[in-house]
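Right, one structure below, let's go through it.
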Amino acid sequence: MKYEFTPSGVCSRKIYIDAEDGIVNDVTFVGGCNGNLKGIGSLVKGMPVSEVIDRLSGIKCGMKATSCPDQLAKALKELL
C-alpha cells in the first residue's frame with residue numbers, strides 16, 4: 001500500500017511510504033535534511049511498521065516539538 005503524508009512542524013514537505021503486510025518497503029521524504037532522511041528511509045526499509053513507530057515516536061528536532069522521524073511514526077500510525 002502506498003501512502004502520502006503531509007508532515008507538520010518540520011522542514012520536510014511530504015513523506016511517501018510503501019508498506020505491506022506490516023512491513024515498510026520504502027520511505028521517501030521531500031524536503032528536509034536530504035542525507036539524513038535518505039538514511040532514515042534506508043534504515044527502516046524491511047522493518048515492521050510497529051517497530052519503526054516504537055523507535056521513532058517522540059524524537060524532537062532541536063527546540064521543535066517534533067521531527068521528521070517522529071512525523072514518519074505518526075504517518076505509520078495512520079496505516080495501522
Side-chain angles (χ1 to χ4, degrees):
M1 169 208 252
K2 295 189 185 221
Y3 181 68
E4 179 181 317
F5 180 79
T6 303
S8 62
V10 296
C11 299
S12 61
R13 297 180 307 276
K14 289 284 184 195
I15 304 173
Y16 295 101
I17 302 164
D18 181 6
E20 194 158 334
D21 298 326
I23 302 295
V24 176
N25 294 322
D26 191 45
V27 173
T28 305
F29 291 84
V30 176
C33 303
N34 188 38
N36 291 333
L37 297 175
K38 282 182 181 176
I40 290 169
S42 180
L43 289 170
V44 302
K45 194 177 289 188
M47 287 179 64
V49 168
S50 59
E51 185 175 348
V52 176
I53 292 168
D54 290 344
R55 289 177 180 244
L56 301 183
S57 290
I59 293 176
K60 296 181 181 183
C61 183
M63 299 301 291
K64 295 178 183 177
T66 188
S67 66
C68 292
D70 183 54
Q71 290 294 299
L72 174 57
K74 288 179 189 223
L76 290 171
K77 285 178 187 176
E78 291 186 6
L79 292 177
L80 294 179

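Because the structure is predicted, anything quoted here is derived from the model rather than measured.
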Within one Ile-Leu-Val-Met-Phe-Trp-Tyr cluster: [X] and [Y], side-chain cutoff 4.5 Å:
| X | Y | result |
| --- | --- | --- |
| Ile53 | Ile40 | yes |
| Ile23 | Val27 | no |
| Leu76 | Met47 | yes |

Just to verify, what does [X] make a side-chain contact (heavy atoms from CB on, under 4.5 Å) with, not counting sequence neighbours?
| X | answer |
| --- | --- |
| Ile59 | Leu56, Ser67, Pro69 |
| Lys14 | Glu4, Thr6, Tyr16, Val30 |
| Asp54 | none |
| Asp26 | Asp18, Thr28, Lys45 |

Would Leu37 and Ser12 count as a side chain to side chain contact (heavy atoms under 4.5 Å, CB included) here? Give the steps.
CA-CA 9 Å; Leu37 297 175; Ser12 61; 4.3 Å; yes
Shortest non-hydrogen contact between Phe5 and Ala75, atoms and distance:
CG-CB, 3.4 Å
Looking only at heavy atoms, what is the nearest atom pair of Arg13 and Pro7, with distance?
O-CD, 3.4 Å
From [atom1] ([X]) to [atom2] ([Y]), nearest 0.5 Å:
| X | Y | atom1 | atom2 | value |
| --- | --- | --- | --- | --- |
| Tyr3 | Ile15 | OH | CD1 | 9.5 Å |
| Cys11 | Gln71 | SG | CD | 11.5 Å |
| Lys60 | Thr66 | NZ | OG1 | 9.5 Å |

Mind checking what makes salt bridge (charged side-chain N to carboxylate O under 4.0 Å, His left out) contact with Lys38, not counting sequence neighbours?
none
Considering only residues two or more places apart or on different chains, which pairs with a residue in residues 67-79 satisfy salt bridge (charged side-chain N to carboxylate O under 4.0 Å, His left out)?
Asp70-Lys74
Qualifying residue, where the test is side chain to side chain contact (heavy atoms under 4.5 Å, CB included) with Val44 and the options are Val52, Val49, Asn25
Val52
Under the side chain to side chain donor-acceptor pair (under 3.5 Å) test, which residues partner Arg55, sequence neighbours left out?
Glu51
